[in-house]
Amino acid sequence: MLVSPLLPDPPDIQSPAPAVPPASLEAFLGGISTRAFRFAEAGLRSREDALDAVQDAMIKMLTYADKPAAEWTPLFWSILRRRMIDLQRRGRFRLRWMVPASERSEESLIDWADPHAGPADTHDQREGYARLVEALRGLPARQREAFTLRVLEELDVAQTARAMGCSEGSVKTHLSRARDALQKQLEEFR
């Protein structure tokens with residue numbers, strides 16, 4: 001986990017992934033759905049596209065139900081990542097050029113705050129998470145993926161490399177660069 005006072009984590013991101021694999025694919029998909037949506041939304045910058053990507057990845061996972069449960073996590077992230085790339089490629093070729101930039105609006109951020117926190121804590125968590133999401137969006141795609149999978153999803157280097165389709169050394173390089181860039185970006189908010 002990243003040890004930086006500059007990156008406040010909402011309570012539901014701090015909970016580590018279960019050490020014991022889920023009993024069924026349905027339980028696995030139910031447990032990963034929220035994190036997968038956050039990952040897709042940060043990468044695609046569109047709530048609707050993120051929902052589509054996660055749904056498509058979950059449907060694709062059904063074809064791999066016979067795989068051992070230990071392989072589901074990197075396999076799912078790899079499928080989701082490829083689906084996000086497909087959506088980004090298609091988006092470039094659509095009729096976006098016809099819509100003026102001033103009319104394109106960013107979806108409002110989802111409230112990830114802890115409902116049991118006090119008003120000041122809730123506000124600080126929202127602000128901190130909004131800054132983190134904005135900083136993540138400013139990273140190159142591979143750095144954002146490495147950071148999200150290694151730090152927020154707590155996958156090991158080998159699982160992250162399989163999900164990203166690259167070597168373990170590349171994962172370490174992307175993660176190091178992401179941490180440096182996030183540190184610099186988040187220091188500006190102080």
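None of the values given here were measured: they were computed from a predicted structure.
- Within the 3.5 Å criterion, the main-chain N or O of Val54 finds no donor-acceptor partner in the side chain of Arg83.
- Across all non-hydrogen atoms, the minimal contact from Leu80 to Ala40 is CD1-CB, 4.5 Å.
- Contact check for Leu51 versus Gln55: no side-chain heavy atoms found under the 4.5 Å cut-off.
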Candidate pair Thr148 and Arg144, rule side-chain contact (heavy atoms from CB on, under 4.5 Å), full reasoning:
CA-CA 6 Å; Thr148 303; Arg144 183 179 54 247; 4.2 Å; yes
Assess whether side-chain contact (heavy atoms from CB on, under 4.5 Å) is satisfied between Arg35 and Leu152, documenting all intermediate values.
CA-CA 9 Å; Arg35 296 187 320 265; Leu152 301 180; over 6 Å; no
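- A distance of 5.5 Å separates CE of Met61 from CD1 of Ile79, quoted to the nearest 0.5 Å.
- A heavy-atom distance below 4.5 Å is not found between the side chains of Trp72 and Ile32.
- Atom CG in Leu87 sits 5.5 Å away from atom CG in Asp49 (nearest 0.5 Å).
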Using atom types as modelled, flag every donor-acceptor pair under 3.5 Å from a side chain in residues 166-174 to any protein atom, sequence neighbours excluded.
from, atom 1, to, atom 2, distance (Å)
Ser167, OG, Ser170, N, 3.1
Ser167, OG, Ser170, OG, 3.1
Thr173, OG1, Gly169, O, 3.0

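- Taking CZ of Arg38 as the start and CG of Leu136 as the end, the distance is 12.5 Å to the nearest 0.5 Å.
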Apply side-chain contact (heavy atoms from CB on, under 4.5 Å) to the pair Leu29 and Glu26, showing each step before the final yes or no.
CA-CA 5 Å; Leu29 294 174; Glu26 183 179 339; 6.0 Å; no
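- Between Trp77 and Phe39, the angle of the ring planes goes over 60°, which puts this pair in the perpendicular group of the 30/60° scheme.
- By the 4.5 Å heavy-atom criterion applied to side chains, Leu139 and Arg177 are not counted as neighbours.
- Arg142 has a carboxylate O that lies under 4.0 Å from a charged side-chain N of Glu145, or vice versa, which qualifies the two as a salt bridge.
- Within the 4.5 Å cutoff, the side chain of Ser46 has no heavy atoms near those of the Glu41 side chain.
- Looking only at distances, a side-chain donor or acceptor of Gln88 sits under 3.5 Å from a matching main-chain atom of Gly43.
- Side-chain contact between Asp180 and Gln183: absent, with no pair of heavy atoms (C-beta onward) separated by less than 4.5 Å.
- Atom OG of Ser33 and atom CZ of Phe28 lie 10.5 Å apart (nearest 0.5 Å).
- The main-chain N or O of Asp156 is found under 3.5 Å from a side-chain atom of Gln159 such that the two form a donor-acceptor pair.
- Tyr64 has its side chain out of reach of Phe76: every pair of non-hydrogen atoms, C-beta onward, lies at least 4.5 Å apart.
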Working note: Val151 + Leu175, criterion side-chain contact (heavy atoms from CB on, under 4.5 Å); need CA distance, chi angles, decisive distance, verdict.
CA-CA 9 Å; Val151 176; Leu175 181 59; 3.9 Å; yes
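- Between Ala163 and Leu149, the shortest heavy-atom distance links the atoms CB-CD1, 4.0 Å.
- The number of heavy atoms from other shown groups lying within 6.0 Å of CD (Glu71) is above 12.
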